[in-house]
Amino acid sequence: MELMAMNKVQEVKELLTDTVTKIYSTVKDHSLEVTKEKGQAPRVRTLRPTRHTIKWKSRNH
């Protein structure tokens, strides 16, 4: 019985690791920012590429 529980724990650990890895790579690849303020739901937004920021600043400043 204990062996089955250990296998289940290992299975859940692997699944969680895979999920976190996928989330991390998605956030990194798509330049997403996730912010969490106390008492609110997490917010996900797309970051503007650096070249767009530089172009915007050069036009507006």
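The first residue of the sequence shown is numbered 1, and numbering continues consecutively from there. Keep in mind that the numbers below use all heavy atoms, side chains included, and drop hydrogens, waters and symmetry copies.
- Of all heavy-atom pairs spanning A41 and K36, the tightest one is C-CD, 4.3 Å.
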List the atom pairs, donor and acceptor, that lie under 3.5 Å between side-chain atoms in residues 11-18 and the rest of the protein, sequence neighbours left out.
from	atom 1	to	atom 2	distance (Å)
T17	OG1	K13	O	2.8

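- At most 12 heavy atoms of other shown residues, nucleotides or ligands fall within 6.0 angstrom of atom NZ in K8.
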